[in-house]
Amino acid sequence: MLEGPPARLNFSIELTSTGAATVLKVAGEIDAAVSGRLTEQLATAVEAGRPVVADLASVTFCDSTGLTALIHAHRTAEAAGTRFVIATAQRAVLRPLSLLGLTQLLEIHPDVDAARQAVA
């Protein structure tokens with residue numbers, strides 16, 4: 001029997017609802033092996049109807065599949081009439097977002113506190 005790739009030991013997602021927003025804390029490497037899980041968790045958070053803060057401060061790598069998950073979450077939130085914002089100062093996330101011009105599309109804040117204030 002064929003099974004999917006093993007779960008990454010260097011990747012985690014933690015979902016918490018605090019105040020006016022749902023915070024999705026992501027840590028480790030975001031690549032094709034985990035981007036499906038990230039997309040599902042982001043969709044679940046957005047579907048709850050509250051603003052979503054993606055806390056990417058502990059992300060050490062993000063490939064194109066991770067960027068696609070973030071874009072999808074943004075579009076889904078926009079269609080649902082809620083907000084999706086990113087909290088990070090990590091070069092591993094900011095550099096690809098900047099190179100691809102996604103900083104013009106996605107709302108990015110330097111930390112979770114700033115992101116929560118923005119959506120309050």
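This structure is a prediction, so every number in the text was calculated from the model and none was measured.
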Practice task
Could you grab the distance from atom OG of S64 to atom CD1 of I30, nearest 0.5 Å is fine?
Solution key: 12.0 Å

Practice task
Give, for atom CG of D31 and atom CG of N10, the distance between the pair rounded to the nearest 0.5 Å.
Solution key: 8.0 Å

Exercise for the section: Check P96 against C62 and note the closest heavy-atom contact, atom names and distance. Expected result: CG-O, 4.2 Å

Practice task
Determine whether I13 and V52 fall in the same hydrophobic cluster, where Ile, Leu, Val, Met, Phe, Trp and Tyr are linked whenever their side-chain heavy atoms lie under 4.5 Å apart.
Solution key: yes

Handout entry: L24/L42 under side-chain contact (heavy atoms from CB on, under 4.5 Å): CA gap, chis, key distance, verdict
Key = CA-CA 7 Å; L24 192 73; L42 287 168; 3.2 Å; yes

Handout entry: For the student: nearest non-hydrogen atoms of R50 and A20, plus distance
Key = NH2-C, 3.4 Å

Handout entry: T88 vs V59, side-chain contact (heavy atoms from CB on, under 4.5 Å): CA-CA, chis, key distance, verdict
Key = CA-CA 9 Å; T88 191; V59 170; over 6 Å; no

Handout entry: F11 reachable from L67 in the ILVMFWY side-chain graph, under 4.5 Å edges
Key = yes

Problem - Atom pair CG (L70) and OG1 (T65), whose distance is rounded to the nearest 0.5 Å - result: 10.0 Å

Please table the atom pairs, donor to acceptor, closer than 3.5 Å between any side-chain atom in residues 108-120 and protein atoms at least two apart or in another chain.
residue: H109; atom: NE2; partner: E107; partner atom: OE2; Å: 2.8
residue: D111; atom: OD1; partner: D113; partner atom: N; Å: 3.2
residue: D111; atom: OD1; partner: A114; partner atom: N; Å: 2.7
residue: R116; atom: NH2; partner: T18; partner atom: OG1; Å: 3.4

Exercise for the section: Of all the heavy-atom pairs spanning E14 and T16, show the shortest one and how long it is. Expected result: OE2-CG2, 3.8 Å

Exercise for the section: For the pair E29 (side chain) and T60 (backbone), establish whether a donor and an acceptor sit closer than 3.5 Å, ignoring hydrogens and angles. Expected result: no

Problem - Joint cluster assignment, V46 & L102, ILVMFWY side-chain distance < 4.5 Å - result: yes

Handout entry: Connected via hydrophobic side-chain network under 4.5 Å: V85 and L100
Key = no

Problem - Min side-chain heavy-atom separation T68-S35 under 4.5 Å - result: no

Practice task
Could you tell me the separation between the CZ atom of R75 and the CG atom of L105, rounded to the nearest 0.5 Å?
Solution key: 6.5 Å

Problem - Nearest-0.5 Å distance, CZ of residue F84 to CD1 of residue I71 - result: 10.0 Å

Handout entry: Shortest non-hydrogen contact between P51 and T82, atoms and distance
Key = N-OG1, 3.3 Å

Problem - Spatial distance of atom CG (L99) from atom CZ (R95) [nearest 0.5 Å] - result: 4.5 Å

Practice task
Spell out, as yes or no, whether a donor-acceptor pair under 3.5 Å connects the side chain of S98 to the backbone of L94.
Solution key: no

